[in-house]
Protein chains: 2
Amino acid sequence: MTDLEGKLERFCNRCRQNKLKITPQRVEVYKALISSNAHPSAEAVYDKVRGVLPNISLDTVNRTLNTLNEIGAAFVVAGSGDVKRFDGNLDNHQHFKCIKCRKIFDFHSEPLDNTETLRKLEEQFRVLRITVYAEGLCKGCIEKEQN
Amino acid sequence: MTDLEGKLERFCNRCRQNKLKITPQRVEVYKALISSNAHPSAEAVYDKVRGVLPNISLDTVNRTLNTLNEIGAAFVVAGSGDVKRFDGNLDNHQHFKCIKCRKIFDFHSEPLDNTETLRKLEEQFRVLRITVYAEGLCKGCIEKEQN
DNA sequence: CTTACTGCAAACCATTTGCACGATC
DNA sequence: GATCGTGCAAATGGTTTGCAGTAAG
(Lines give C-alpha, C1' and ligand atoms only; values in the text may rest on other atoms or scores of the structure.)
Protein backbone atom coordinates (compact mmCIF):
# COMPACT_ATOMS: atom_id res chain seq x y z
CA MET A 1 0.00 0.00 0.00
CA THR A 2 3.05 2.21 -0.16
CA ASP A 3 2.21 2.61 -3.80
CA LEU A 4 -1.19 4.02 -2.97
CA GLU A 5 0.23 6.36 -0.39
CA GLY A 6 2.78 7.65 -2.84
CA LYS A 7 0.13 8.31 -5.43
CA LEU A 8 -2.05 10.04 -2.89
CA GLU A 9 0.77 12.29 -1.83
CA ARG A 10 1.60 13.21 -5.40
CA PHE A 11 -2.08 13.84 -5.98
CA CYS A 12 -2.32 16.20 -3.01
CA ASN A 13 0.71 18.07 -4.21
CA ARG A 14 -0.82 18.40 -7.60
CA CYS A 15 -3.97 19.78 -6.01
CA ARG A 16 -2.00 22.33 -4.05
CA GLN A 17 -0.11 23.36 -7.17
CA ASN A 18 -3.47 24.01 -8.78
CA LYS A 19 -4.84 25.75 -5.73
CA LEU A 20 -7.46 23.13 -5.15
CA LYS A 21 -8.55 22.28 -1.67
CA ILE A 22 -8.08 18.78 -0.42
CA THR A 23 -11.53 17.58 0.47
CA PRO A 24 -12.59 14.08 1.45
CA GLN A 25 -14.73 13.87 -1.69
CA ARG A 26 -11.83 14.70 -3.94
CA VAL A 27 -9.57 12.21 -2.24
CA GLU A 28 -12.11 9.40 -2.31
CA VAL A 29 -13.01 9.96 -5.94
CA TYR A 30 -9.34 9.84 -6.80
CA LYS A 31 -8.82 6.69 -4.76
CA ALA A 32 -11.82 5.01 -6.33
CA LEU A 33 -10.52 5.84 -9.76
CA ILE A 34 -6.97 4.62 -9.36
CA SER A 35 -8.03 1.48 -7.54
CA SER A 36 -10.16 0.45 -10.50
CA ASN A 37 -8.86 -0.96 -13.72
CA ALA A 38 -12.27 -0.97 -15.32
CA HIS A 39 -12.13 2.55 -16.72
CA PRO A 40 -15.23 3.48 -14.80
CA SER A 41 -17.93 5.94 -15.74
CA ALA A 42 -18.90 8.73 -13.36
CA GLU A 43 -21.81 6.59 -12.25
CA ALA A 44 -19.52 3.66 -11.43
CA VAL A 45 -17.17 5.87 -9.44
CA TYR A 46 -20.19 7.29 -7.67
CA ASP A 47 -21.38 3.84 -6.62
CA LYS A 48 -17.95 2.98 -5.29
CA VAL A 49 -17.40 6.19 -3.37
CA ARG A 50 -20.80 6.03 -1.78
CA GLY A 51 -19.53 3.06 0.20
CA VAL A 52 -17.20 5.45 1.98
CA LEU A 53 -19.07 8.75 1.71
CA PRO A 54 -22.77 7.89 1.56
CA ASN A 55 -23.82 11.51 1.12
CA ILE A 56 -21.69 12.38 -1.85
CA SER A 57 -23.63 13.47 -4.90
CA LEU A 58 -23.22 12.34 -8.46
CA ASP A 59 -22.66 15.94 -9.46
CA THR A 60 -19.65 16.18 -7.24
CA VAL A 61 -18.26 13.00 -8.73
CA ASN A 62 -18.75 14.39 -12.20
CA ARG A 63 -17.21 17.71 -11.30
CA THR A 64 -14.31 16.05 -9.56
CA LEU A 65 -13.55 13.70 -12.43
CA ASN A 66 -13.51 16.64 -14.80
CA THR A 67 -11.21 18.47 -12.45
CA LEU A 68 -8.85 15.50 -12.29
CA ASN A 69 -8.81 15.52 -16.05
CA GLU A 70 -8.01 19.22 -16.11
CA ILE A 71 -5.12 19.03 -13.69
CA GLY A 72 -3.76 15.94 -15.38
CA ALA A 73 -4.35 13.51 -12.53
CA ALA A 74 -6.58 11.40 -14.74
CA PHE A 75 -8.07 11.55 -18.18
CA VAL A 76 -11.11 10.80 -20.25
CA VAL A 77 -10.76 7.59 -22.21
CA ALA A 78 -10.93 8.18 -25.94
CA GLY A 79 -13.71 6.32 -27.64
CA SER A 80 -16.61 6.70 -30.00
CA GLY A 81 -19.95 7.60 -28.51
CA ASP A 82 -21.11 6.16 -25.20
CA VAL A 83 -20.83 7.60 -21.75
CA LYS A 84 -17.61 9.24 -20.60
CA ARG A 85 -15.17 6.82 -19.04
CA PHE A 86 -12.20 7.81 -16.92
CA ASP A 87 -8.75 6.42 -16.32
CA GLY A 88 -6.41 7.23 -13.47
CA ASN A 89 -3.53 5.22 -14.88
CA LEU A 90 -1.09 7.74 -16.27
CA ASP A 91 1.38 5.19 -17.60
CA ASN A 92 1.59 5.13 -21.34
CA HIS A 93 -0.90 2.57 -22.53
CA GLN A 94 -3.65 1.99 -25.03
CA HIS A 95 -7.26 0.92 -24.96
CA PHE A 96 -9.25 -1.72 -26.71
CA LYS A 97 -12.99 -1.49 -26.28
CA CYS A 98 -15.39 -4.33 -26.89
CA ILE A 99 -18.35 -2.88 -28.73
CA LYS A 100 -20.65 -5.53 -27.32
CA CYS A 101 -19.99 -5.74 -23.59
CA ARG A 102 -18.37 -2.30 -23.42
CA LYS A 103 -15.42 -3.53 -21.42
CA ILE A 104 -12.20 -1.65 -21.95
CA PHE A 105 -8.93 -3.56 -21.99
CA ASP A 106 -5.50 -2.05 -21.69
CA PHE A 107 -2.74 -2.98 -24.03
CA HIS A 108 0.77 -1.85 -24.71
CA SER A 109 2.60 -0.63 -27.73
CA GLU A 110 5.12 2.03 -28.43
CA PRO A 111 3.97 2.83 -31.88
CA LEU A 112 4.43 6.53 -31.67
CA ASP A 113 7.09 7.12 -29.09
CA ASN A 114 9.92 6.74 -31.53
CA THR A 115 8.45 7.36 -34.89
CA GLU A 116 8.59 10.39 -37.04
CA THR A 117 4.86 10.75 -36.73
CA LEU A 118 4.99 12.48 -33.41
CA ARG A 119 7.78 14.76 -34.52
CA LYS A 120 5.84 15.75 -37.60
CA LEU A 121 2.75 16.36 -35.54
CA GLU A 122 4.66 18.56 -33.17
CA GLU A 123 5.69 20.77 -36.03
CA GLN A 124 2.07 21.61 -36.57
CA PHE A 125 0.44 21.27 -33.18
CA ARG A 126 1.04 21.41 -29.49
CA VAL A 127 0.37 17.76 -28.76
CA LEU A 128 -0.95 17.15 -25.29
CA ARG A 129 -2.07 13.60 -25.59
CA ILE A 130 -1.80 10.83 -28.08
CA THR A 131 -3.44 7.46 -27.77
CA VAL A 132 -4.25 4.45 -29.78
CA TYR A 133 -7.81 3.36 -29.65
CA ALA A 134 -8.99 0.01 -30.93
CA GLU A 135 -12.46 -1.40 -31.11
CA GLY A 136 -13.89 -4.81 -31.74
CA LEU A 137 -15.05 -7.90 -29.93
CA CYS A 138 -13.43 -9.48 -26.91
CA LYS A 139 -12.99 -13.23 -26.53
CA GLY A 140 -15.95 -13.60 -24.23
CA CYS A 141 -18.29 -11.93 -26.67
CA ILE A 142 -16.94 -13.84 -29.66
CA GLU A 143 -17.74 -17.08 -27.86
CA LYS A 144 -21.23 -15.95 -26.95
CA GLU A 145 -21.79 -15.00 -30.57
CA GLN A 146 -21.19 -18.55 -31.77
CA ASN A 147 -24.22 -19.94 -29.95
CA MET B 1 -16.80 14.32 -60.22
CA THR B 2 -16.21 10.78 -61.40
CA ASP B 3 -14.82 10.17 -57.98
CA LEU B 4 -18.09 11.19 -56.34
CA GLU B 5 -20.08 9.06 -58.74
CA GLY B 6 -17.91 6.07 -58.00
CA LYS B 7 -18.35 6.52 -54.28
CA LEU B 8 -22.08 6.92 -54.67
CA GLU B 9 -22.33 3.76 -56.68
CA ARG B 10 -20.33 1.80 -54.16
CA PHE B 11 -22.49 3.28 -51.44
CA CYS B 12 -25.70 2.20 -53.16
CA ASN B 13 -24.31 -1.30 -53.58
CA ARG B 14 -23.45 -1.38 -49.93
CA CYS B 15 -26.99 -0.35 -49.10
CA ARG B 16 -28.44 -3.08 -51.25
CA GLN B 17 -26.17 -5.64 -49.67
CA ASN B 18 -27.55 -4.57 -46.32
CA LYS B 19 -31.12 -4.51 -47.58
CA LEU B 20 -31.44 -0.80 -47.07
CA LYS B 21 -33.58 1.24 -49.37
CA ILE B 22 -32.00 4.01 -51.36
CA THR B 23 -33.85 7.12 -50.31
CA PRO B 24 -33.05 10.71 -51.21
CA GLN B 25 -32.38 11.44 -47.55
CA ARG B 26 -29.85 8.65 -47.26
CA VAL B 27 -28.09 9.68 -50.42
CA GLU B 28 -27.91 13.33 -49.46
CA VAL B 29 -26.66 12.62 -45.97
CA TYR B 30 -23.97 10.44 -47.43
CA LYS B 31 -23.03 13.08 -50.01
CA ALA B 32 -22.90 15.78 -47.38
CA LEU B 33 -20.66 13.64 -45.23
CA ILE B 34 -18.12 12.68 -47.86
CA SER B 35 -17.99 16.15 -49.33
CA SER B 36 -16.92 17.54 -45.98
CA ASN B 37 -13.49 17.22 -44.48
CA ALA B 38 -14.56 18.85 -41.24
CA HIS B 39 -15.69 15.67 -39.49
CA PRO B 40 -19.14 17.12 -39.02
CA SER B 41 -21.58 16.54 -36.21
CA ALA B 42 -25.11 15.39 -36.97
CA GLU B 43 -26.22 18.99 -36.60
CA ALA B 44 -23.69 20.17 -39.17
CA VAL B 45 -24.73 17.50 -41.65
CA TYR B 46 -28.33 18.47 -41.02
CA ASP B 47 -27.63 22.11 -41.86
CA LYS B 48 -25.90 21.12 -45.05
CA VAL B 49 -28.54 18.66 -46.25
CA ARG B 50 -31.35 21.09 -45.59
CA GLY B 51 -30.02 23.14 -48.48
CA VAL B 52 -31.07 20.28 -50.75
CA LEU B 53 -33.91 18.68 -48.78
CA PRO B 54 -35.50 21.44 -46.70
CA ASN B 55 -37.92 19.07 -45.01
CA ILE B 56 -35.46 16.52 -43.70
CA SER B 57 -35.47 16.13 -39.94
CA LEU B 58 -32.52 16.05 -37.60
CA ASP B 59 -33.70 12.65 -36.39
CA THR B 60 -33.36 11.22 -39.84
CA VAL B 61 -29.87 12.61 -40.13
CA ASN B 62 -28.94 11.06 -36.81
CA ARG B 63 -30.47 7.75 -37.72
CA THR B 64 -28.83 7.77 -41.11
CA LEU B 65 -25.38 8.59 -39.77
CA ASN B 66 -25.68 5.75 -37.30
CA THR B 67 -26.76 3.47 -40.11
CA LEU B 68 -23.76 4.51 -42.20
CA ASN B 69 -21.58 3.68 -39.25
CA GLU B 70 -23.20 0.27 -38.89
CA ILE B 71 -22.82 -0.73 -42.51
CA GLY B 72 -19.27 0.58 -42.60
CA ALA B 73 -19.87 3.45 -45.02
CA ALA B 74 -18.69 5.93 -42.43
CA PHE B 75 -17.65 5.94 -38.82
CA VAL B 76 -17.80 7.81 -35.58
CA VAL B 77 -14.63 9.75 -34.90
CA ALA B 78 -12.91 8.58 -31.74
CA GLY B 79 -12.45 11.29 -29.19
CA SER B 80 -13.00 12.18 -25.58
CA GLY B 81 -16.33 13.68 -24.64
CA ASP B 82 -18.10 16.18 -26.88
CA VAL B 83 -20.75 15.62 -29.48
CA LYS B 84 -20.50 12.70 -31.88
CA ARG B 85 -18.58 13.55 -35.02
CA PHE B 86 -18.64 11.52 -38.19
CA ASP B 87 -16.19 10.77 -40.96
CA GLY B 88 -16.94 9.41 -44.39
CA ASN B 89 -13.29 9.03 -45.36
CA LEU B 90 -12.52 5.34 -45.15
CA ASP B 91 -8.86 5.66 -46.08
CA ASN B 92 -6.54 4.79 -43.24
CA HIS B 93 -5.84 8.00 -41.40
CA GLN B 94 -5.64 9.53 -37.96
CA HIS B 95 -7.17 12.45 -36.16
CA PHE B 96 -5.81 15.33 -34.19
CA LYS B 97 -8.36 17.37 -32.31
CA CYS B 98 -7.77 20.87 -31.04
CA ILE B 99 -9.27 21.02 -27.57
CA LYS B 100 -9.91 24.73 -27.90
CA CYS B 101 -11.55 25.30 -31.27
CA ARG B 102 -12.69 21.68 -31.62
CA LYS B 103 -11.42 21.40 -35.17
CA ILE B 104 -10.32 17.96 -36.21
CA PHE B 105 -7.30 17.59 -38.48
CA ASP B 106 -6.35 14.47 -40.37
CA PHE B 107 -2.85 13.15 -40.34
CA HIS B 108 -1.08 10.10 -41.60
CA SER B 109 1.02 7.45 -40.04
CA GLU B 110 1.36 3.75 -40.43
CA PRO B 111 2.31 3.03 -36.88
CA LEU B 112 0.23 -0.06 -36.51
CA ASP B 113 -0.07 -1.54 -39.93
CA ASN B 114 3.21 -3.35 -39.73
CA THR B 115 3.97 -3.73 -36.10
CA GLU B 116 3.57 -6.66 -33.87
CA THR B 117 1.06 -4.76 -31.84
CA LEU B 118 -1.79 -5.48 -34.17
CA ARG B 119 -0.85 -9.12 -34.44
CA LYS B 120 -0.75 -9.44 -30.68
CA LEU B 121 -4.10 -7.71 -30.37
CA GLU B 122 -5.63 -10.05 -32.89
CA GLU B 123 -4.63 -13.02 -30.78
CA GLN B 124 -6.90 -11.71 -28.07
CA PHE B 125 -9.62 -9.81 -29.86
CA ARG B 126 -11.48 -9.48 -33.10
CA VAL B 127 -10.18 -6.06 -34.05
CA LEU B 128 -12.63 -4.09 -36.15
CA ARG B 129 -11.08 -0.69 -36.01
CA ILE B 130 -7.89 0.85 -34.78
CA THR B 131 -7.07 4.50 -34.81
CA VAL B 132 -4.65 6.93 -33.37
CA TYR B 133 -6.17 9.86 -31.64
CA ALA B 134 -4.20 12.91 -30.66
CA GLU B 135 -5.30 15.98 -28.80
CA GLY B 136 -3.81 19.38 -28.17
CA LEU B 137 -3.78 22.87 -29.58
CA CYS B 138 -3.67 23.84 -33.23
CA LYS B 139 -1.48 26.63 -34.57
CA GLY B 140 -4.32 29.11 -34.74
CA CYS B 141 -5.23 28.59 -31.12
CA ILE B 142 -1.63 28.72 -29.94
CA GLU B 143 -1.31 32.13 -31.57
CA LYS B 144 -4.52 33.39 -30.02
CA GLU B 145 -3.29 32.21 -26.65
CA GLN B 146 -0.24 34.45 -26.79
CA ASN B 147 -2.30 37.62 -26.75
C1' DC C 1 -48.37 -4.86 -52.16
C1' DT C 2 -45.07 -5.48 -48.63
C1' DT C 3 -41.44 -3.69 -46.03
C1' DA C 4 -38.79 -0.15 -44.62
C1' DC C 5 -38.00 4.99 -43.95
C1' DT C 6 -39.29 9.51 -42.55
C1' DG C 7 -41.04 13.29 -39.73
C1' DC C 8 -42.92 14.68 -35.66
C1' DA C 9 -43.18 14.85 -30.85
C1' DA C 10 -42.11 13.10 -26.68
C1' DA C 11 -38.85 10.65 -23.89
C1' DC C 12 -34.36 9.78 -22.27
C1' DC C 13 -30.10 10.13 -20.07
C1' DA C 14 -25.74 11.84 -19.11
C1' DT C 15 -23.84 15.99 -17.91
C1' DT C 16 -23.90 20.84 -16.47
C1' DT C 17 -25.32 24.91 -13.89
C1' DG C 18 -27.19 28.21 -10.20
C1' DC C 19 -27.58 28.76 -5.70
C1' DA C 20 -27.28 28.57 -0.69
C1' DC C 21 -24.93 26.06 2.82
C1' DG C 22 -20.79 24.08 4.65
C1' DA C 23 -15.89 23.00 4.72
C1' DT C 24 -11.05 24.12 3.87
C1' DC C 25 -7.13 26.98 4.25
C1' DG D 1 -12.77 35.10 7.87
C1' DA D 2 -12.32 34.64 2.85
C1' DT D 3 -12.62 31.45 -0.63
C1' DC D 4 -13.65 27.43 -2.67
C1' DG D 5 -16.34 22.98 -2.79
C1' DT D 6 -20.54 20.45 -2.10
C1' DG D 7 -25.36 18.94 -2.42
C1' DC D 8 -29.64 19.73 -4.20
C1' DA D 9 -32.70 20.58 -7.81
C1' DA D 10 -33.59 22.18 -12.12
C1' DA D 11 -32.01 22.93 -16.77
C1' DT D 12 -29.67 21.60 -20.78
C1' DG D 13 -28.55 19.40 -24.98
C1' DG D 14 -27.56 15.68 -27.73
C1' DT D 15 -29.47 11.41 -29.02
C1' DT D 16 -33.13 7.95 -29.19
C1' DT D 17 -37.81 6.02 -29.59
C1' DG D 18 -42.89 5.22 -30.71
C1' DC D 19 -46.03 5.99 -33.92
C1' DA D 20 -48.72 7.11 -38.00
C1' DG D 21 -48.20 8.36 -42.61
C1' DT D 22 -45.33 7.84 -46.88
C1' DA D 23 -42.13 6.04 -50.13
C1' DA D 24 -39.14 2.38 -52.07
C1' DG D 25 -38.53 -2.25 -53.94
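Residue numbers start from 1 in every chain, and the chains themselves are labelled A, B, ... in the order their sequence lines are given, proteins ahead of strands.
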Student: What residues, two or more places apart in sequence or in another chain, satisfy ring-ring contact (aromatic ring centres under 6.0 Å, His included) together with B/His39?
Tutor: B/His95

Student: According to the salt bridge (charged side-chain N to carboxylate O under 4.0 Å, His left out) rule, which pairs have a member within residues 32-49 of chain A, sequence neighbours left out?
Tutor: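 Of all non-adjacent pairs touching residues 32-49 of chain A, those that pass salt bridge (charged side-chain N to carboxylate O under 4.0 Å, His left out) are A/Asp47-A/Arg50.
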
Student: Mind checking what makes ring-ring contact (aromatic ring centres under 6.0 Å, His included) contact with B/Tyr133, not counting sequence neighbours?
Tutor: none

Student: In terms of side-chain heavy atoms, does B/Asn13 have a donor or acceptor partner in B/Arg10 at a distance below 3.5 Å?
Tutor: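 On atom types as modelled, these side chains do not qualify, holding no pair under 3.5 Å.
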
Student: Could you tell me the separation between the CZ atom of B/Arg16 and the C1' atom of D/dA24, rounded to a whole number of Å?
Tutor: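 B/Arg16 atom CZ is separated from D/dA24 atom C1' by 12 Å.
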
Student: Taking ring-ring contact (aromatic ring centres under 6.0 Å, His included) as the test, write out the residues that go with B/Phe125, two or more places apart.
Tutor: A/Phe96, A/Phe105

Student: Could you tell me from which nucleotide to which nucleotide of DNA chain C, 5' to 3', there is an atom under 4.0 Å from chain A heavy atoms?
Tutor: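 Range of nucleotides touched by chain A: C/dA14 to C/dC25.
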
Student: Hey, is A/Arg119 close enough to A/Glu122 for a salt bridge, meaning N to O under 4.0 Å?
Tutor: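 No.
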
Student: If the threshold is 4.0 Å, N to carboxylate O, is there a salt bridge linking B/Lys120 and B/Glu123?
Tutor: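 Judged by the 4.0 Å cut-off on N to carboxylate O distance, B/Lys120 and B/Glu123 do not form a salt bridge.
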
Student: With a 4.0 Å cutoff (strictly under), does any side-chain N or O of B/Lys84 reach OP1 or OP2 of D/dT16?
Tutor: yes

Student: List the atom pairs, with distances to 0.1 Å, where a side-chain N or O of residues 19-26 of chain B and a protein N or O form a donor-acceptor pair under 3.5 Å, not counting sequence neighbours.
Tutor:
{"residue": "B/Thr23", "atom": "OG1", "partner": "B/Arg26", "partner atom": "N", "Å": "3.2"}
{"residue": "B/Arg26", "atom": "NH1", "partner": "B/Lys21", "partner atom": "O", "Å": "2.8"}

Student: Which salt bridge (charged side-chain N to carboxylate O under 4.0 Å, His left out) pairs, counting each pair once, include a residue from residues 85-99 of chain B, with sequence neighbours left out?
Tutor: B/Asp82-B/Lys97

Student: Have a look at the helix from C/dC1-D/dG25 to C/dC25-D/dG1 and give the angle its two end axes make, five pairs each, rounded to 10 degrees.
Tutor: 50°

Student: Using modelled atom types and a 3.5 Å cut-off, is there a donor and acceptor pairing between side-chain atoms of B/His108 and backbone atoms of B/Asn92?
Tutor: yes

Student: Could you check whether any side-chain N or O of A/Asn69 sits under 3.5 Å from a backbone N or O of A/Leu65, counting only pairs where one atom can act as donor and the other as acceptor?
Tutor: no

Student: List in numerical order all residues of residues 56-68 of chain A for which some heavy atom is under 4.0 Å away from an atom belonging to DNA chain D.
Tutor: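 Within this stretch, A/Ile56, A/Ser57, A/Asp59, A/Thr60, A/Arg63 sit under 4.0 Å of the strand.
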
Student: Residues two or more places apart in sequence or in another chain: which of them pass ring-ring contact (aromatic ring centres under 6.0 Å, His included) with A/Phe11?
Tutor: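 Once residues adjacent in sequence are excluded, the partners of A/Phe11 under the ring-ring contact (aromatic ring centres under 6.0 Å, His included) criterion are A/Tyr30.
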
Student: Which pairs count as salt bridge (charged side-chain N to carboxylate O under 4.0 Å, His left out) when at least one residue sits in residues 53-67 of chain A, sequence neighbours excluded?
Tutor: none

Student: Residues of residues 19-49 of chain A with any non-hydrogen atom less than 4.0 angstrom from an atom of DNA chain D: list those, numerically ordered, please.
Tutor: A/Leu20, A/Lys21, A/Thr23, A/Gln25, A/Arg26

